[in-house]
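To start, the structure under review is shown below, and the notes come after it.
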Amino acid sequence: MGDRLILAWKETGRSPTAYLDCTVAAPTSPVRTGLVVDRLDGMSAMSLMVAGYPGTENGEVEGIHLSSVRECCFELSGDYAGRNAIHKLADDDIRQLSAEAPLPLGTLQKQSTSEDKLIRPLRPRVNPAATAFDAYIMVDWSSKSQPATGKDSIWIACAEWDSEGLIQDDPQNPTTRVSAVEVIKAKLQAWKREQKRVLVGFDFAFAYPAGFADKLNLQEPSWKALYKYFAAQVTDDERNRNNRDKFASDCNQKVGGGGPFWGCGEKAQTDWLKQKRVGRFQFPHHGLKEWRATEDEARKRAVTQSVWKLNCGVSVGGQTILGIKGLVELSEAVGAHIWPFDGWGMPSTAPATWFAEIFPSLVPPHYLEASTRSDRPKDCAQVQACVQLAAERDAAGLLATDLAKPSDLHSERLRPVEDEEGWILWCNVDLKCSIKHTEISRLSG
């Protein structure tokens with residue numbers, strides 16, 4: 001304890017370069033013998049195993065607990081035989097250390113030849129079988145009625161694995177839903193030609209509380225009938241002009257009056273659709289609940305809004321109506337698997353495109369902080385954070401559990417979830433206790 005360590009990385013044909021200067025700290029779980037002096041378990045061990053470090057049979061990682069870590073950068077001049085070993089620092093290198101220069105900007109963050117791509121230093125994927133997916137797209141949707149960019153507009157984040165790690169594209173901000181569908185479609189079709197398995201997350205509800213399709217007199221299976229109905233009845237053009245409010249009003253009329261939709265603009269009010277719900281109707285309304293089972297789970301961890309509320313400060317309902325319209329078009333264009341309606345679990349063959357409902361508010365704050373830029377809105381950071389989270393959990397082998405049928409979902413709620421309501425990815429996962437988010441550098445040489 002208290003010894004000073006210099007961590008160095010040797011590239012082929014070059015002298016080793018020192019990058020980190022640190023001190024051996026007091027171990028939290030001491031190991032009695034050998035060079036290994038500490039033992040980590042839980043999510044800390046998982047983070048190290050994701051980075052490529054070996055684990056024990058008990059899922060622990062043995063190592064040295066370091067503190068007072070600071071960056072440095074200088075070539076070592078001493079004679080150090082062997083790699084992945086501990087050596088006494090030569091006198092000349094001790095003198096270099098006292099006068100070393102700061103780490104050059106970007107040393108641990110490799111830029112690709114394309115200006116709009118960044119290689120995130122996650123664990124390099126050794127082979128395609130190491131992850132369930134080869135690429136990821138996360139989408140923040142919008143219900144705007146005119147073209148828009150920036151805050152409260154559509155943001156699309158994409159990333160894919162290669163031999164270097166996770167390559168993340170610069171986020172795109174299309175001005176309309178029609179153009180967004182075309183951007184996503186082109187990306188998915190290109191990846192399909194490359195035989196990739198892709199996970200696509202959309203930030204809008206994929207369905208409604210059980211019984212809605214029946215109230216609209218649609219035929220079984222409920223979710224397919226509902227999607228077909230939305231595709232035929234909802235209109236949305238290349239200028240974002242749409243019939244969202246009229247569609248909701250027509251649905252209310254079919255259900256029996258006054259609801260379940262509310263929250264339209266003042267000028268869009270009809271005999272069947274109003275701005276306010278209070279004093280007009282309450283849930284359950286004609287047998288329809290306000291929340292799906294998946295939203296009941298999500299509400300334990302984040303503030304949610306009702307899918308029946310169209311706008312008035314919150315646009316979840318409007319986004320869902322217009323989102324399902326786009327979802328149907330995309331699904332038909334690329335042959336997507338809509339999770340979990342088309343089945344739980346992960347793709348077993350390639351190419352494959354998986355559509356999943358996401359709720360970025362469930363993502364731990366440190367992911368959002370790592371993706372935030374002062375010149376971009378929170379919406380952009382959220383979809384980038386969702387990509388990062390999905391990739392890390394995939395690399396750690398956790399997406400298998402995330403996409404599996406929830407084991408604690410009671411049987412009486414399972415059928416409507418699978419047939420009508422759908423499920424939000426990660427709604428039942430305590431992500432704060434999952435992988436410790438970190439930019440994992442390839443310093444092990």
Side-chain angles (χ1 to χ4, degrees), residues 43 132-133 136-141 157 199-210 212 222-223 226 283 288-309 314-317 319-320 323-324 327 336-346 354-368 378-379 382-394 396-435 437:
M43 288 303 113
F133 295 95
Y136 316 87
I137 299 179
M138 298 292 162
V139 185
D140 182 68
W141 207 244
L199 176 64
V200 189
F202 294 93
D203 181 22
F204 55 78
F206 276 21
Y208 293 84
F212 186 42
S222 297
W223 74 271
L226 197 71
F283 289 102
L288 294 175
K289 296 181 179 181
E290 183 169 10
W291 308 103
R292 298 176 291 160
T294 188
E295 289 157 348
D296 287 336
E297 285 292 328
R299 290 165 66 202
K300 297 174 183 177
R301 297 178 175 86
V303 176
T304 60
Q305 296 291 338
S306 175
V307 73
W308 302 115
K309 186 176 182 180
V314 183
S315 55
V316 174
Q319 288 178 0
T320 295
I324 290 177
L327 192 70
H337 176 110
I338 301 179
W339 179 87
F341 295 132
D342 283 323
W344 304 91
M346 302 181 299
W354 245 239
F355 286 174
E357 179 182 342
I358 60 170
F359 184 29
S361 294
L362 295 173
V363 178
H366 48 267
Y367 283 91
L368 184 61
K378 181 180 178 181
D379 312 335
Q382 284 184 321
V383 288
Q384 288 184 290
C386 286
V387 165
Q388 189 81 2
L389 175 63
E392 288 191 8
R393 290 185 70 81
D394 198 1
L398 298 176
L399 269 186
T401 301
D402 297 342
L403 294 170
K405 183 184 299 184
S407 59
D408 58 348
L409 193 64
H410 297 301
S411 57
E412 64 269 18
R413 291 297 282 144
L414 184 59
R415 186 206 59 78
V417 163
E418 294 178 328
D419 295 347
E420 299 185 66
E421 294 189 346
W423 198 250
I424 301 170
L425 183 62
W426 302 315
C427 74
N428 58 333
V429 178
D430 187 359
L431 297 172
K432 292 181 180 179
C433 295
S434 76
I435 301 172
H437 175 65

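All of these numbers come straight from a predicted model, not from anything done at the bench.
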Glu297 with Arg413: basic N within carboxylate O range, under 4.0 Å: no
Validation row: Lys309, Val316 side chains within 4.5 angstrom (heavy atoms): no
Donor-acceptor pair, side chain of Arg301 and main chain of Cys427, under 3.5 angstrom: yes
Sequence-distant partners of Pro406, side chain to side chain contact (heavy atoms under 4.5 Å, CB included), two or more places apart: Trp344, Asp408, Leu409, Trp423, Asn428
Side chain to side chain, Tyr367 and Leu431, heavy atoms closer than 4.5 Å: no
Nearest heavy-atom neighbours spanning Gly422 and Pro340: CA-CD, 4.0 Å
side-chain contact (heavy atoms from CB on, under 4.5 Å) partner of Leu389, chosen from Val363, Leu362, Leu368, Ile358: Val363
Straight-line distance of Phe359 CZ to Ile424 CD1, nearest 0.5 Å: 7.0 Å
Any donor-acceptor pair under 3.5 Å from Asp379 side chain to Asp140 backbone: no
Which atom of Val307 lies closest to which atom of Ala207, heavy atoms considered: CG2-O, 4.2 Å
Phe283 CZ to Leu288 CG distance, which is reported to the nearest 0.5 Å: 7.5 Å
Value rounded to 0.5 Å, distance of CD in Glu412 from CG in Leu414: 9.5 Å
Note, Arg393 side chain near Asp402 side chain (heavy atom, < 4.5 Å): yes
Closest non-hydrogen atom pair between Ala293 and Val417, with its separation: CB-CG2, 4.0 Å
Any side-chain heavy-atom pair of Ser306 and Trp291 under 4.5 Å: yes
Pairing residues for Tyr208 by the ring pair (Phe, Tyr, Trp, His ring centres under 6.0 Å) criterion, not counting sequence neighbours: Phe212, Phe230, Phe261, Trp308
Pairwise side-chain contact, Met138 with Gln384, heavy-atom cut-off 4.5 Å (strictly under): no
Gap between atom CZ of Arg292 and atom OG1 of Thr304 - 0.5 Å precision: 10.0 Å
Heavy-atom side-chain proximity of Glu295 to Glu421 below 4.5 angstrom: no
Interatomic spacing from CD in Glu418 to CZ in Phe341 - rounded to 0.5 Å: 10.0 Å
Trp141 vs Asp203 side-chain heavy atoms within contact, under 4.5 Å: no
Residue pair Leu403, Leu425: steps toward the side chain to side chain contact (heavy atoms under 4.5 Å, CB included) verdict: CA-CA 7 Å; Leu403 294 170; Leu425 183 62; 3.7 Å; yes
Plane angle bin for Trp354 and His337 - parallel if under 30°, tilted between 30 and 60°, otherwise perpendicular: parallel
Partner residues of Asp342 under the side chain to side chain donor-acceptor pair (under 3.5 Å) criterion, sequence neighbours left out: none
4.5 Å side-chain heavy-atom contact, Thr294 and Phe206: no
Side chain to side chain contact (heavy atoms under 4.5 Å, CB included) between Trp426 and Leu399, intermediate numbers included: CA-CA 9 Å; Trp426 302 315; Leu399 269 186; 4.3 Å; yes
